[in-house]
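A quick note: this is a predicted structure, and the numbers were derived from the prediction, not measured.
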2 protein chains.
Amino acid sequence: MEKAGNELTQKLMDAFFRIMRMHPKNHVPGVKHSEIVILLFIKRKMDKTQTGIRIGDLSRIMRVTSPTVTQFINRLEEKGFVKRKSDPGDRRYIRVILTKQGEDVLQQAWEALVADFNSLIKYLGEEQSRLLADLLLKSYDFFTKDIDVNREG
Amino acid sequence: MEKAGNELTQKLMDAFFRIMRMHPKNHVPGVKHSEIVILLFIKRKMDKTQTGIRIGDLSRIMRVTSPTVTQFINRLEEKGFVKRKSDPGDRRYIRVILTKQGEDVLQQAWEALVADFNSLIKYLGEEQSRLLADLLLKSYDFFTKDIDVNREG
DNA sequence: ACTAATTGGTTGCTAATCTAAGTATTATTC
DNA sequence: GAATAATACTTAGATTAGCAACCAATTAGT
């Protein structure tokens, strides 16, 4: 094939496509992986600032649109894992906080995730794992830098 | 959070989750990324063996179920990019081959993909890119090794 | 007071996958 | 040779994670 790309280009492409096709597994029955990720971001924000997180913030952090976040928050609220609170400073905002149940389910999932990734780190070695994380984040920035132009707020 | 995992565990986890949330962009209007990937695997098989590829083979290579592959092949056939042929040796089998249109659309997408990944390689450096590819493939194997136990054929 | 911008929301849709159940064919067993 | 088991692929219906288009409420700017 003309413009085949060399061996490295094909290998890197294959590697990315494989990883992108992977679906993270569920560690807690009835709770989807993406829901866990959202709970995690909410927890981090609450630990740091003692306030809930805004939907716009989640949208930016996760690089998904705000309707997408809204739907996730709706389901998490239905499940009793989060609550919406108005922001007294600006009635356009809401701040999402974790409930006790949300913290519990996050804890459960977190332990399993940490175990998985610690196993991966053992498998690859710590230095290689650090390098992998760095390179993945750089790659992610590379691929999404154009997207960020369109995503401000 | 107890069992927090150290800084490296969290960083690696975040990095993977970001990459997994990314959706490969479409390079050819009207043709989905996954369709391009399938055309690519078909092309590689045909180049190597001068025969079409079986659905079961694609299922194994891509680590998706055979009904998933069937649906993709249906759509690619409707679009005129592939054709199914019976295998004279065993009528249970079909062999999927690329049509001229399929080769053309693959060529078009391929050039764009190669350009993207060559840019990434320039960005990261060739040595780091090679290392990233190796580590991604190792990680992929690590995460999917359990799945393979359940997938034979 | 009016217009523009921002935030979050709803709805309908897409893409990529799965499972369950089915048909057709070949392999195995008796 | 008949019956059963296994294999390959198919169809239908479902799930998950996202998006775009559009909207209402609110705040910011003029």
Problem set entry | Interatomic distance where CD1 belongs to Ile73(A) and P belongs to dT7(C) [whole Å] | 16 Å
Problem set entry | For DNA chain D, the residues among residues 81-89 of chain A that have a non-hydrogen atom under 4.0 Å from it | none
Exercise. Once you round it to whole Å, what is the distance between C1' of dC19(D) and CE of Met62(A)?
Worked result: 14 Å
For this session: Please state whether the phosphate of dT27(D), meaning OP1 or OP2, lies under 4.0 angstrom from any side-chain nitrogen or oxygen of Arg91(A).
Result: yes
For this session: Would you mind telling me which of dC9(D), dC19(D), dG8(C) lies closest to the side-chain atoms of Ile55(A)?
Result: dG8(C)
Exercise. Knowing that exactly one of Lys43(A), Arg44(A), Lys45(A) qualifies, which makes a salt bridge (Lys or Arg N to Asp or Glu O under 4.0 Å) with Asp47(A)?
Worked result: Lys43(A)
Problem set entry | Aromatic Phe72(A) / basic Arg75(A) pairing, under 6.0 angstrom, 45° off normal | yes
Problem set entry | Pairwise side-chain contact, Lys85(B) with Tyr93(B), heavy-atom cut-off 4.5 Å (strictly under) | no
Exercise. Given dA17(D), dT25(C), dT17(C), which nucleotide is nearest the side-chain atoms of His23(A)?
Worked result: dT17(C)
Seminar exercise, completed: Rounded to whole Å, the CD-C1' distance (Gln71(B) to dA14(D)) equals 11 Å
For this session: With the side chain of Arg21(A) defined as its heavy atoms from C-beta on, choose the nearest nucleotide among dG8(C), dC9(D), dT17(C).
Result: dT17(C)
Exercise. Without hydrogens or angle criteria, can the side chains of Thr144(B) and Arg63(B) be said to hold a donor-acceptor pair below 3.5 Å?
Worked result: yes
Exercise. Which nucleotide in the set dA12(D), dT7(D), dT6(C) lies at the smallest distance from any side-chain heavy atom of Arg92(B)?
Worked result: dT7(D)
Seminar exercise, completed: Of the candidates dT17(C), dT10(D), dG12(C), the side chain of Val64(B) sits closest to dT17(C)
Mind listing the side-chain donor-acceptor pairs of residues 29-38 of chain B below 3.5 Å, one per line with the distance, residues two or more places apart or on another chain?
{"unit_1": "Glu35(B)", "atom_1": "OE1", "unit_2": "Lys32(B)", "atom_2": "N", "d": "3.0"}
{"unit_1": "Glu35(B)", "atom_1": "OE1", "unit_2": "Lys79(B)", "atom_2": "NZ", "d": "2.7"}
{"unit_1": "Glu35(B)", "atom_1": "OE2", "unit_2": "Lys79(B)", "atom_2": "NZ", "d": "3.1"}

For this session: Kindly state which residues belonging to residues 29-36 of chain B come within less than 4.0 angstrom of DNA chain D, counting heavy atoms of the residue only, listed by number.
Result: none
Exercise. Does Tyr123(B) have its ring centroid less than 6.0 Å away from the ring centroid of Phe143(A)?
Worked result: no
Seminar exercise, completed: Per nearest nucleotide of DNA chain C, the residue lying toward the 5' end, Asp57(A) or Met20(A), is Asp57(A)
Exercise. Of the nucleotides dG18(D), dT10(D), dT19(C), which has the atom closest to the Thr65(B) side chain?
Worked result: dT19(C)
Exercise. Will you find, in the side chains of Glu111(A) and Gln107(A), an N or O donor that is under 3.5 Å from an N or O acceptor?
Worked result: yes
Problem set entry | Length of the CD1-P vector between Ile38(A) and dG18(D), whole Å | 8 Å
For this session: Report the distance from atom CZ of Arg75(A) to atom C1' of dG9(C), rounded to the nearest whole Å.
Result: 14 Å
Exercise. Does the distance from a Lys or Arg side-chain N to an Asp or Glu carboxylate O, for Glu77(B) and Arg84(B), drop under 4.0 Å?
Worked result: yes
For this session: May I ask you to say whether Lys100(A) pairs ionically with Asp104(A), meaning some side-chain N is under 4.0 Å from a carboxylate O?
Result: yes
Seminar exercise, completed: Met22(B) atom CE is separated from dA16(C) atom C1', nearest whole Å, by 16 Å
For this session: Could you walk me through whether Asp116(B) and Ser119(B) pass the side-chain hydrogen bond (donor to acceptor under 3.5 Å, both in side chains) test, one step at a time?
Result: CA-CA 5 Å; Asp116(B) 277 356; Ser119(B) 296; 5.7 Å; no
For this session: Side chain of Ser66(B) only, please: which of dG9(C), dT11(D), dT10(D) is the nearest?
Result: dT10(D)
For this session: Taking only the side-chain nitrogens and oxygens of Thr70(A), find out if one of them lies under 4.0 Å from OP1 or OP2 of dG8(C).
Result: no
Problem set entry | Lys11(A) bridged to Asp134(B) by N-O distance under 4.0 Å | yes
For this session: Check every atom of dT7(C), dG9(C), dA20(C) against the side chain of Pro67(A) and return the nucleotide holding the closest atom.
Result: dG9(C)
Exercise. CG of Asp90(B) versus C1' of dA8(D): gap in Å, rounded?
Worked result: 8 Å
For this session: Pick base, sugar-phosphate or nothing for Ile94(B), based on heavy-atom distances below 4.0 Å to the nucleic acid.
Result: sugar-phosphate
For this session: Kindly say if Asn74(B) contacts the phosphate of dT11(D), meaning a side-chain N or O under 4.0 Å from OP1 or OP2.
Result: yes
For this session: Rounded off to whole Å, could you give me the CZ-to-C1' distance for the Arg18(B) and dA17(D) pair?
Result: 17 Å
Seminar exercise, completed: Which of dT7(C), dA17(D), dA16(C) is nearest the side chain of Phe72(B)? It is dA16(C)
Problem set entry | Under 4.0 angstrom between Thr68(B) side-chain N/O and dC18(C) OP1 or OP2 | yes
